[in-house]
Amino acid sequence: MAHSFRLSLGALAVAAITFGPAQAGAGVPFLPHQALYELSLVKSRGSSPVNSARGRILYNFTGNACNGYTSDFRQVSELDLGEGKVTLSDLRSTAWEDGAGKSYRFKIDSRMNDQPSSPVDGIAERTGDHITVKLKLPEAKTFTLDGATVFPTEQIKRIIAAAREGKSLLELSVYDGSDNGEKVYNTLTVIGAPVAADKAAAKPDASTASDELKTMTRWPVTVSYYDRDAKRTEGEQTPVYAMSFELYENGVSRSLVLDYNDFVIAGALGKFDVKDSKDTKPCSN
């Protein structure tokens, strides 16, 4: 699984913009938390089917709009490709994004079958009508992005804002430092009807048993990621991958489905813990 899980969902990565920099939306701040997702194979497509898959995503999210948001993410996956072929991947990322979506720092490290790839380390700063990215790794480089591009937590903020306004579609260009640190994705988000807090989940999990989430509205969301630099051909462009999940108004997500085109992985929320407020530095007056 070559792509990072964007709960940035922050979405990475995981949660609210037009409601002001200090709130996730309508008085609901992002919830500092740790979530553990158990991965399993849903289906396999194509000529080289995946026989089975297993793994875990461990996601930590802390911070607030005043001091910025920190996310730590690790995804370990094992794919059985048949005939004795097994692929083991280990992806780790750490990111910090300020509450206004103007600054983004990131470090990403990945291994495939214990063979390390080039780590990515950089910072992106929004200035005026553009974003300046300065990479330390995989090689020192500075370049600019269109100012309309958003970072991962800002992406989730906008999804929640659109959901609250009753919108069903949202298009955004997103930069999260993945791949070689130079990739920008065009995204299309499809937002379903809100799910009332008192409606029971079809498949209960650690989130549906949480006192902090029992009063929260959530929305079914699907985000498709497209390679912005891919050459267009006739017909619709195929997304590089897509993520479906239920997104709570405080940024927590459940019932994950990761579609990598050749195979589809489900992520069931096996453990959910709210971070103690003392772990997050309070906003100063």
Side-chain angles (χ1 to χ4, degrees), residues 4-35 58-74 92-108 121-134 145 147-165 170 172-177 189 207 210-213 215-219 221 247-253 272-285:
S4 63
F5 175 68
R6 287 160 175 81
L7 265 189
S8 308
L9 204 181
L12 159 255
V14 182
I17 200 170
T18 54
F19 300 104
Q23 300 183 99
V28 182
F30 287 156
L31 181 69
H33 66 280
Q34 181 182 84
L58 181 62
Y59 179 73
N60 282 281
F61 181 84
T62 58
N64 54 41
C66 299
N67 302 298
Y69 302 101
T70 298
S71 61
D72 291 294
F73 166 90
R74 185 178 184 185
R92 307 182 192 203
S93 70
T94 299
W96 176 86
E97 183 176 338
D98 83 331
K102 294 182 178 180
S103 182
Y104 179 62
R105 299 195 298 263
F106 53 92
K107 292 183 179 181
I108 303 171
D121 186 351
I123 184 170
E125 299 280 355
R126 188 182 304 277
T127 306
D129 62 352
H130 67 278
I131 295 171
T132 300
V133 179
K134 296 181 179 180
L145 303 175
T149 304
V150 301
F151 304 132
T153 302
E154 182 75 0
Q155 177 191 13
I156 293 303
K157 290 180 179 180
R158 297 202 183 197
I159 291 174
I160 292 177
R164 286 189 171 279
E165 293 172 3
L170 178 65
L172 293 171
S173 293
V174 178
Y175 177 79
D176 63 3
T189 300
S207 69
S210 170
D211 291 336
E212 286 79 4
L213 301 177
T215 60
M216 292 286 167
T217 298
R218 62 187 190 272
W219 294 268
V221 172
L247 179 62
Y248 286 94
E249 55 190 326
N250 63 357
V252 177
S253 65
F272 176 79
D273 295 304
V274 176
K275 292 283 190 177
D276 194 306
S277 59
K278 68 183 181 181
D279 295 335
T280 300
K281 183 180 179 181
C283 296
S284 58
N285 294 328

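Along the sequence shown, the residues carry numbers beginning at 1.
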Engineer: Could you walk me through whether Tyr104 and Val133 pass side-chain contact (heavy atoms from CB on, under 4.5 Å), step by step?
Structural biologist: CA-CA 9 Å; Tyr104 179 62; Val133 179; over 6 Å; no
Engineer: Check the pair Leu170 / Ile159 against side-chain contact (heavy atoms from CB on, under 4.5 Å), numbers first and verdict last.
Structural biologist: CA-CA 7 Å; Leu170 178 65; Ile159 291 174; 3.9 Å; yes
Engineer: Would you name the heavy atoms of Tyr69 and Gly63 that are closest together and state the gap between them?
Structural biologist: CD2-C, 3.9 Å
Engineer: Less than 4.5 Å apart, side chain to side chain, heavy atoms only: is that true for Trp219 and Glu249?
Structural biologist: yes
Engineer: Between atom OG1 of Thr62 and atom CD of Gln34, what is the distance when rounded to the nearest 0.5 Å?
Structural biologist: 11.0 Å
Engineer: Any chance you could measure Phe151, atom CZ, to Leu145, atom CG, to the nearest 0.5 Å?
Structural biologist: 7.5 Å
Engineer: Looking only at heavy atoms, what is the nearest atom pair of Gly251 and Ile160, with distance?
Structural biologist: N-CD1, 4.2 Å
Engineer: As an exercise, state the distance from OG1 of Thr70 to CG of Asn64, rounded to the nearest 0.5 Å.
Structural biologist: 10.0 Å
Engineer: Would you mind reporting whether Leu31 and Val274 have side-chain heavy atoms less than 4.5 Å apart?
Structural biologist: yes
Engineer: Assess the residue pair Glu125 and Lys134 against the criterion (salt bridge (Lys or Arg N to Asp or Glu O under 4.0 Å)); give the C-alpha distance rounded to whole Å, side-chain angles, the decisive distance to 0.1 Å, and a yes or no.
Structural biologist: CA-CA 9 Å; Glu125 299 280 355; Lys134 296 181 179 180; over 6 Å; no
Engineer: Roughly how far, to the nearest 0.5 Å, is NZ of Lys107 from CG of Asp72?
Structural biologist: 11.0 Å
Engineer: Measure the CG-CZ distance between Asp121 and Arg105 for me, rounded to the nearest 0.5 Å.
Structural biologist: 10.5 Å
Engineer: Say you draw a straight line from OG1 of Thr149 to CG of Asp176; how long is it, rounded to the nearest 0.5 Å?
Structural biologist: 11.5 Å
Engineer: How far apart are the closest heavy atoms of Arg126 and Val150, and which atoms are they?
Structural biologist: NH2-CA, 3.9 Å
Engineer: Are Tyr59 and Ser253 close enough that some pair of their side-chain heavy atoms sits under 4.5 Å apart?
Structural biologist: no
Engineer: Looking at every heavy atom in both Asn250 and Glu212, which two are closest together, and how far apart are they?
Structural biologist: ND2-O, 4.4 Å
Engineer: Check Lys275 against His33 and note the closest heavy-atom contact, atom names and distance.
Structural biologist: CG-N, 3.5 Å
Engineer: Between Ser103 and Trp96, what is the shortest heavy-atom contact and its length?
Structural biologist: OG-CZ3, 3.8 Å
Engineer: Which label fits Tyr175 and Phe106: parallel for a plane angle under 30°, tilted from 30 to 60°, or perpendicular past 60°?
Structural biologist: perpendicular
